[in-house]
Amino acid sequence: MDYKAKEIESFWQKYWLDNRYFEPNSNEDITKPKKYVLSMFPYPSGRIHMGHVRNYTIGDTFARYYRRMGYNVLHPIGWDSFGMPAENAAIKHAVHPKKWTYENIAYMRNELRSLGLSFSVEREFATSDPDYSKFEQEFIIELWNRGLLYKKKSHLNWCPKDQTILANEQVIEGHCWRCDTEITQKEMEQYYLKITNYADELLADLNKLDQWPSQVKLMQENWIGKSRGLKFSFQLETSSLSLSLKNIEVFTTRPDTIYGVSYIAVAPEHKLIDDLLNADSLSDEVRNEILTIRKTSPRDRATQEKSGVPLNINAIHPLTGEKIAVWTANFVLVDYGSGAVMAVPAHDERDFDFSKKYNLPVKIVIKNKNSNIETVLPFTDDGLIVNSDKFSGLDSNNGREAVIREFENLKIGEAVINFKLRDWGISRQRYWGTPIPLIHCKTCGTVPEKIENLPVSLPDDVQITGEGNPLDHHQTWKHCKCPVCGGDAIRETDTLDTFVESSWYHLHYTSPDVKNIAFGNTDYWLPVDHYIGGIEHAILHLLYSRFFTKVLRDIKKVNIDEPFKHLLTQGMVLKDGAKMSKSKGNVVDPDEIIEKYGADTARLFILFAAPPTKELEWNDSAVEGAYRFIRRLALKSDFAFSENNINKILELPNIDHSKLNKNEKFARRKVYEAYKRANDVFSKTYTFNTLIAGVMEAMNGLEEQSNSEIWTEGYWVLLNILEPIVPHISWELSKKMFNLANLGEISAPDEVFQLDQITLGVSINGKNRTEISVSPDADEVEILQVAKKSVAKWLEGKTIIKEIIVQKKLINLVIK
RNA sequence: GCGGAUGUGGUGAAAUGGCAGACACGCCAGACUUAGGAUCUGGUGCCUGACGGUGUGGAGGUUCAAGUCCUCUCAUCCGCACCA
């Protein structure tokens with residue numbers, strides 16, 4: 001048969017669509033086992049790229065495999081369609097974000113279809129659809145009512161010219177990306193989700209994710225950053241001053257170094273500084289220094305040299321009563337712990353650098369346990385406590401507990417747990433996002449919109465210029481009535497971070513009616529069995545969706561703790577050793593590849609060139625190779641089935657294995673080995689490249705013989721294996737030859753794996769010398785006899801001191 | 001700096017501690033061809049004329065046996081980056 005990729009592919013794509021072949025069975029009394037396969041949904045940027053092709057091909061391969069194995073498969077797609085690029089396009093090309101977004105979706109939907117991806121059409125949605133916003137706004141209101149959503153002031157990048165907030169990536173070397181104006185920090189009220197309430201559970205439940213890559217779990221663990229330590233206060237010597245603050249609270253994970261404190265450092269934003277500025281007790285020089293640091297963004301501070309100023313005020317060490325100087329320093333973070341640290345320069349690198357710069361005292365309180373080794377400062381490891389009164393002589397571990405107990409007994413401190421994880425800021429001062437469904441009323445305060453008024457939809461009549469927030473300028477949208485008292489009120493003009501939409505879209509796909517129902521049979525469909533996406537989402541998206549799942553569980557919407565059972569993080573697609581990008585000019589356009597070779601070739605190459613988790617190097621001639629293989633598959637089908645044959649073959653031919661010759665037996669074995677390997681790959685290793693190699697070996701084996709029944713059987717099995725990988729050609733041939741009867745489960749006959757002769761390697765002292773061929777029933781004595789004979793020339797004049805036989809593999813003779 | 005991953009032919013890559021390089025790309029030689037960027041046959045880690053030797057970033061170690069396990073080290077990539 002000739003291979004005409006285009007004809008075959010468009011025929012089957014239409015066939016699948018017309019027959020609703022990819023729609024899951026949504027009857028409520030579902031008895032079939034299910035699989036939920038999900039590739040991360042795309043942002044509709046305009047055109048698909050090779051990363052998408054890889055992502056969706058991997059997902060599709062799982063989905064098709066499970067369908068073939070008889071599962072009820074949910075394999076949906078949608079669009080993460082809110083976000084900044086639409087507004088950028090609006091600014092640049094004067095096109096409305098909605099128009100731009102939905103046109104992109106229409107185009108990309110066709111691109112994905114041309115790859116033969118088996119997505120459910122009926123469950124597709126875009127997160128910018130008002131129906132989706134409606135459900136999301138309901139959750140947001142619920143969270144507000146439960147106190148999990150709250151307002152807090154925080155600092156944002158502000159462009160004074162455009163009167164707009166800028167995202168970090170819009171700030172280029174401290175200047176606005178549009179107008180190049182120097183940005184400033186502006187304090188504004190922002191909305192936060194209390195993800196920190198779930199910090200402990202998010203950390204602990206990582207242990208349940210046994211099918212996640214360990215490095216993703218580790219990244220999340222570090223991001224959550226749990227640490228245990230001592231919280232206590234230093235009394236301030238404030239006799240000469242009237243300050244509202246009488247003491248400074250600090251947090252330390254090293255209570256064992258408590259006797260080594262030589263100064264205290266507070267963050268420049270610490271309340272104590274406000275007090276001192278108000279009390280006017282600081283010199284102009286110190287005051288200016290503090291104000292300079294305060295103006296510096298946290299990002300810049302991180303790269304600067306450590307610096308600070310003394311505040312000319314002392315604190316009292318709670319155990320020794322010593323006076324300790326209080327400083328402010330640029331490296332102390334205001335929003336971690338209590339915004340102040342006890343500095344132990346001898347045993348902390350930051351404190352050490354700082355003390356060196358300002359000549360502050362350094363007191364050694366920890367020594368290396370091996371006393372022969374001189375202690376090089378700063379010594380930050382655990383060790384033996386010295387110079388610490390009654391704690392001297394303890395090791396760090398015991399010392400920490402002892403000091404904590406002492407503070408707790410004296411009721412001047414306590415053991416506490418701290419997290420690096422901060423609450424999730426979800427408000428954005430942008431147009432193209434889900435409106436936050438809250439209303440500000442002068443008498444009632446901030447109140448949620450009535451549920452029956454949802455969704456709060458975006459107004460279409462806006463001008464997007466990049467200056468200010470269009471919603472804030474829209475008078476008829478902005479002004480409304482208070483849902484509580486009916487008085488004049490103002491809508492919240494902030495919209496939600498798009499990470500909110502992507503935190504629960506996987507749950508919405510369970511709905512058989514995505515426009516009207518938030519969730520379908522969640523108990524049946526959840527969790528997602530295979531989630532496929534880029535490693536770049538290892539922290540934020542995956543943490544937020546885990547969080548959101550737990551929140552929705554707590555408000556009784558779903559009944560699971562973790563949303564994604566198996567996570568497969570795909571590698572990047574490279575060309576010439578670098579990530580494909582326009583600026584490098586190394587982009588390969590999926591549409592062109594499909595046009596030239598067809599979708600099956602693109603899919604086969606992408607799965608064959610590397611295992612899915614590794615980087616994939618694009619190689620034009622290897623793509624040709626993939627194409628050649630598919631064409632060979634089409635051409636050689638003539639050996640298995642004649643097109644003149646009107647009767648299709650509806651069951652496997654009955655082959656008498658014992659009557660076959662060597663090559664025929666070999667071909668059969670290779671075919672069924674490929675089948676076995678395919679099942680292994682889908683259930684354990686996910687290395688589709690080796691599965692394809694197995695199929696190629698089987699094809700090579702078939703070509704070494706000419707028995708047409710074996711060809712027929714070979715095609716029956718190989719098309720079955722290949723269907724998830726190269727669906728179009730597989731359906732085309734399966735239909736022609738077998739009326740699709742081969743696309744179900746297959747059982748491999750045992751006889752094909754039985755060998756007449758087995759080959760064993762013979763080694764001497766571990767070095768491979770030759771190989772022998774024996775009957776599979778040969779006993780050890782016989783095997784050794786043959787083996788020794790085969791290596792006689794190496795044994796001459798030597799004595800064998802050990803004989804090792806590894807079943808079906810090799811013989812190793814140790815000689816002297 | 002901390003953490004993680006990866007290092008195997010000319011290239012992409014295979015290999016439950018058991019014959020390293022399966023499968024492909026490329027290359028070489030040949031066949032069929034007016035022609036070949038089609039197809040088919042054979043070859044292809046490196047050194048050597050051959051016997052043979054050698055070989056999985058480098059150095060050690062464990063083992064009858066190491067790409068695989070352990071220690072140290074180098075390189076590349078990725079993530080986090082003052083979290084007290």
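Letters A, B, ... are given to chains in the order of the sequence lines, protein chains preceding strands, and every chain is numbered from 1.
B:C69 and B:G7 have their P atoms separated by 11 Å, with the value rounded to a whole Å. The C1' atoms of B:G57 and B:U8 are separated by 10 Å, rounded to the nearest whole Å. The gap from the C1' atom of B:C25 to that of B:A75 amounts to 27 Å, rounded to the nearest Å. Atom name P, nucleotides B:A15 and B:U6: the rounded distance is 14 Å, in whole Å.
The A:A302 side chain lies nearest to B:C82 when the options are B:A13, B:C19, B:C82. Side-chain atoms of A:I804 lie closest to B:C64 of the nucleotides B:A84, B:G3, B:C64. Nearest to the side chain of A:F608, among B:C80, B:G12, B:C64, sits B:G12. Each of B:A84, B:A24, B:C82 was ranked by its minimum atom distance to the side chain of A:M696; first place goes to B:A24. Here B:A84 is the nucleotide among B:A13, B:G18, B:A84 with the atom lying nearest to any side-chain atom of A:L333. In the set B:C23, B:C25, B:A65, B:A65 carries the atom at the smallest distance from any side-chain atom of A:N812. For A:I539, the side-chain atoms get nearest to B:C80 when compared with the rest of B:C23, B:C25, B:C80. If you check B:A22, B:A84, B:A14 against the side chain of A:N689, the one that comes closest is B:A14.
Atom-to-atom, CZ of A:F419 to P of B:A84 comes out at 12 Å; the value is rounded to the nearest Å. Straight-line distance from the CG atom of A:L540 to the P atom of B:G79: 13 Å, rounded to whole Å. A:N222 has its CG atom 18 Å from the P atom of B:G1, to the nearest Å. In this structure, CD1 of A:I801 is placed 14 Å from C1' of B:U63, rounded to the nearest angstrom.
Side chains of A:K665 and A:V752 form no contact here, defined as non-hydrogen atoms less than 4.5 Å apart. A:R301 has its side chain out of reach of A:K306: every pair of non-hydrogen atoms, C-beta onward, lies at least 4.5 Å apart.
The only option from A:L202, A:D200, A:N418 that meets the side chain to side chain contact (heavy atoms under 4.5 Å, CB included) definition with A:K226 turns out to be A:D200.
For A:N663 and A:E704, the side-chain atoms include no donor-acceptor pair closer than 3.5 Å. Counted by atom type alone, A:W618 and A:D620 present one or more donor-acceptor pairs between their side chains at under 3.5 Å.
Within 4.0 Å of A:T759, counting heavy atoms only, lies at least one base atom of the nucleic acid. Residue A:E615 is in sugar-phosphate contact alone, with no base atom involved, counting any heavy-atom pair closer than 4.0 Å across all strands shown.
In this model, a side-chain donor or acceptor of A:K306 finds a partner on the base of B:C82 within 3.5 Å.
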Quiz item: Using a cut-off of 4.0 Å between protein heavy atoms and nucleotide atoms, how would you tag nucleotides 35-57 of chain B 5' to 3' with B, S and -?
Solution: ---SS------------SSS---
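Glycosidic conformation of B:G9 is syn; the angle stays within 90° of 0.
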Output a table of donor-acceptor pairs, distance under 3.5 Å, between side-chain atoms of residues 247-264 of chain A and any protein atom two or more places apart or on a different chain; print 'none' if there are none.
| residue | atom | partner | partner atom | Å |
| --- | --- | --- | --- | --- |
| A:T252 | OG1 | A:R254 | N | 2.9 |
| A:R254 | NE | A:D256 | OD1 | 3.0 |
| A:R254 | NE | A:D256 | OD2 | 3.3 |
| A:R254 | NH1 | A:T380 | O | 3.0 |
| A:R254 | NH2 | A:D256 | OD2 | 3.0 |
| A:D256 | OD2 | A:S396 | OG | 3.0 |
| A:T257 | OG1 | A:R254 | O | 2.8 |
| A:S262 | OG | A:P361 | O | 2.8 |
| A:Y263 | OH | A:D351 | O | 3.0 |

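Applying the 4.0 Å criterion to OP1 and OP2 of B:A14, one finds that A:T687 has every side-chain N and O outside that range.
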